K.L.:
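There's a structure below that I have some questions on.
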Amino acid sequence: MIIEDQRDVVEMLRLSWSDSRDRLDCLATVRQASRFIHSNELAAYDCILIDINLTDGSGLELLREARRRSDVPIIMISGAGDADSRADAISVGADAYVMKPFSVKELRARVHRLHEARSGRSTLRQSVVFKIGNIDCDIERLSLDFDGASRPLTALEGRILQVLHACAGEDCPKSCIARQALFREYDPRDKTIDVYINRLRGKLAELDVASGDAIKTIRGVGYRLSEIQ
């Protein structure tokens, strides 16, 4: 869904999108968009593009309304702005922020990437019980269990384990963990993932030493959940 009042921008998107799998719909006013956000139609869309400055109101208000009702990916579009305005949009709940003029090819790639990340999170939510080494991992209960003993998990620890389990036996890049567990893009300067991996290894090892080695470090890439010997 494109919420944009500049007809030339909408036409450019429709003419240049070049992916026939996608359907692009458009609304031009805050009033129309607000009705859409509060209807059942919202759930039918994979991504929303919102212009910040609309003729009859603020796109940021639409962002707030949409974010209260859905986790649908939202990209804000602006013809003018600075670091503060981008930070405001991200803090309200935008997944990305692009400035006009923009590359339609790049925007399309962002939309697809955000949709895939959201689909991945939905898949993760379905995998709530699995094994890590010898230990039973219950995401619904946020618990690690082995031989009558248990260790609690935080919600973030549970999401990280789900991401690793979804990639079991394969390299799992830190960028994938950041998007699907932390819900943000990976920043090499941010050591959050490393800290939580170390905590998880410690909890696993407390229950079963061998299982503590199930999460392998793949230098320069991320981690891999492996079977224990």
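None of the values given here were measured: they were computed from a predicted structure. Just so it is clear, the values below take in all heavy atoms, side chains as well, and ignore hydrogens, waters and symmetry mates.
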K.L.:
Using side-chain heavy atoms (C-beta onward) and a distance below 4.5 Å, is Ile3 in contact with Asp51?
P.N.:
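No, side chains not in contact.
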K.L.:
Between Phe146 and Ser211, does a side chain to side chain contact (heavy atoms under 4.5 Å, CB included) hold up when you go through it step by step?
P.N.:
CA-CA 10 Å; Phe146 175 71; Ser211 297; 6.0 Å; no
K.L.:
Between Arg201 and Thr217, do the side chains contain an N or O donor and an N or O acceptor separated by less than 3.5 Å?
P.N.:
yes
K.L.:
Do Asp5 side-chain atoms and Thr55 backbone N/O form a donor-acceptor pair below 3.5 Å?
P.N.:
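Yes, because the side chain of Asp5 sits within donor-acceptor range (under 3.5 Å) of the backbone of Thr55.
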K.L.:
Given 3.5 Å as the limit, does a donor-acceptor pair link the side chain of Arg224 with the main chain of Ile215, or not?
P.N.:
no
K.L.:
Does a sphere of radius 6.0 Å around CZ in Arg31 hold more than 12 heavy atoms from other residues, nucleotides or ligands, not counting ones at 6.0 Å or beyond?
P.N.:
no
K.L.:
Applying side chain to side chain contact (heavy atoms under 4.5 Å, CB included), run through Arg14 and Cys26 and close with a yes or a no.
P.N.:
CA-CA 10 Å; Arg14 284 179 167 158; Cys26 177; 3.7 Å; yes
K.L.:
Can you give me the closest heavy-atom contact between Phe102 and Leu13, atom names plus distance?
P.N.:
CE1-CD2, 3.7 Å
K.L.:
Quick one: do Ile75 and Met12 end up in the same hydrophobic cluster if we chain Ile, Leu, Val, Met, Phe, Trp and Tyr together by side-chain heavy atoms under 4.5 Å apart?
P.N.:
yes
K.L.:
Return the CD to CG distance between Glu116 and Asp46, rounded to the nearest 0.5 Å.
P.N.:
11.0 Å
K.L.:
Got a salt bridge between Glu4 and Lys100, using NZ or NE/NH1/NH2 to carboxylate O under 4.0 Å?
P.N.:
yes
K.L.:
Could you report the tightest heavy-atom contact between Gly158 and Ile139, atom names first, then the distance?
P.N.:
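The pair with the smallest heavy-atom distance is O-CD1, 3.4 Å.
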K.L.:
Taking it one step at a time, do Val129 and Glu140 satisfy side chain to side chain contact (heavy atoms under 4.5 Å, CB included)?
P.N.:
CA-CA 8 Å; Val129 180; Glu140 190 169 19; 6.0 Å; no
K.L.:
Can you tell me how far apart CG (Leu161) and OH (Tyr196) are? Round to the nearest 0.5 Å.
P.N.:
12.5 Å
K.L.:
Could you point out which residue of Asp194, Leu182, Asp190 forms a side-chain contact (heavy atoms from CB on, under 4.5 Å) with Lys174?
P.N.:
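Exactly one candidate clears the test, Asp194.
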K.L.:
Do the side chain of Asp138 and the main chain of Arg141 share a donor and acceptor less than 3.5 angstrom apart?
P.N.:
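Yes; judged by distance alone, with no hydrogens or angles, the pair exists.
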K.L.:
Locate the shortest heavy-atom distance separating Leu27 from Ala33; write the atom from each residue and the value.
P.N.:
CD1-CA, 3.8 Å
K.L.:
Side-chain heavy atoms nearer than 4.5 Å, only ILVMFWY residues, links allowed to pass through others: does that put Ile90 and Tyr186 together?
P.N.:
no
K.L.:
Do Arg179 side-chain atoms and Arg184 backbone N/O form a donor-acceptor pair below 3.5 Å?
P.N.:
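Here the side-chain-to-backbone pair does not exist.
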K.L.:
Does the side chain of Glu65 pick up a donor-acceptor pair with the side chain of Ser34 at under 3.5 Å?
P.N.:
yes
K.L.:
Is Arg67 reaching over with its side chain to a backbone N or O of Ser70, donor-acceptor style, under 3.5 angstrom?
P.N.:
yes
K.L.:
With hydrophobic residues grouped by side-chain heavy-atom distances under 4.5 Å, do Ile132 and Val128 end up in a single group?
P.N.:
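Hydrophobic grouping puts Ile132 with Val128.
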K.L.:
Grouping I, L, V, M, F, W and Y whenever their side-chain heavy atoms are under 4.5 Å apart, do Met99 and Val92 come out in a common cluster?
P.N.:
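In one cluster with Met99: Val92, yes.
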K.L.:
Between Arg108 and Asp22, is there a side-chain N and carboxylate O pair less than 4.0 Å apart?
P.N.:
no
K.L.:
Drop me the distance from Glu157's CD to Leu200's CG, to the nearest 0.5 angstrom.
P.N.:
4.5 Å
K.L.:
Distance only, no hydrogens: is a donor on one side chain within 3.5 Å (strictly under) of an acceptor on the other, for Ser150 and Asp145?
P.N.:
yes
K.L.:
Is there a side-chain contact between Cys176 and Val163, using heavy atoms and a 4.5 Å cut-off?
P.N.:
yes
K.L.:
Please test Leu107 against Leu49 for side chain to side chain contact (heavy atoms under 4.5 Å, CB included), starting from the C-alpha separation and ending with a verdict.
P.N.:
CA-CA 10 Å; Leu107 180 62; Leu49 311 180; 3.9 Å; yes
K.L.:
Evaluate the side-chain proximity of Tyr45 to Asp25: yes if any heavy-atom separation is below 4.5 Å, no if none is.
P.N.:
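Yes. Closest side-chain heavy atoms under 4.5 Å.
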K.L.:
Nearest 0.5 angstrom please: Leu164 CG to Cys172 SG, how far?
P.N.:
5.0 Å
K.L.:
Evaluate the side-chain proximity of Leu225 to Cys167: yes if any heavy-atom separation is below 4.5 Å, no if none is.
P.N.:
no
K.L.:
With a 4.0 Å cut-off, would you call Glu185 and Arg113 a salt bridge?
P.N.:
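Here Glu185 pairs with Arg113 in a salt bridge, since their nearest N and O are under 4.0 Å apart.
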K.L.:
A side-chain contact here means heavy atoms from C-beta on lying under 4.5 Å apart; do Ile37 and Arg69 qualify?
P.N.:
yes
K.L.:
Report yes if some heavy atom in the side chain of Leu63 is under 4.5 Å from a heavy atom in the side chain of Ile52; otherwise report no.
P.N.:
no
K.L.:
With rounding to the nearest 0.5 Å, note down the distance linking CG in Asn198 to CD1 in Ile193.
P.N.:
12.0 Å
K.L.:
Just how far is it from atom NE2 of His115 to atom NE2 of His112, taken to the nearest 0.5 Å?
P.N.:
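Nearest 0.5 Å value for the NE2-NE2 distance: 8.0 Å.
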K.L.:
Before accepting this row, confirm whether a basic side-chain N of the pair Glu206/Arg151 lies closer than 4.0 Å to the acidic partner's carboxylate O.
P.N.:
yes
K.L.:
Is there side-chain contact between Ile50 and Ile77, with at least one heavy-atom pair below 4.5 Å?
P.N.:
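Of all side-chain heavy-atom pairs linking Ile77 with Ile50, none is under 4.5 Å.
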K.L.:
Do the non-hydrogen side-chain atoms of Trp17 and Val111 ever get within less than 4.5 Å of each other?
P.N.:
yes
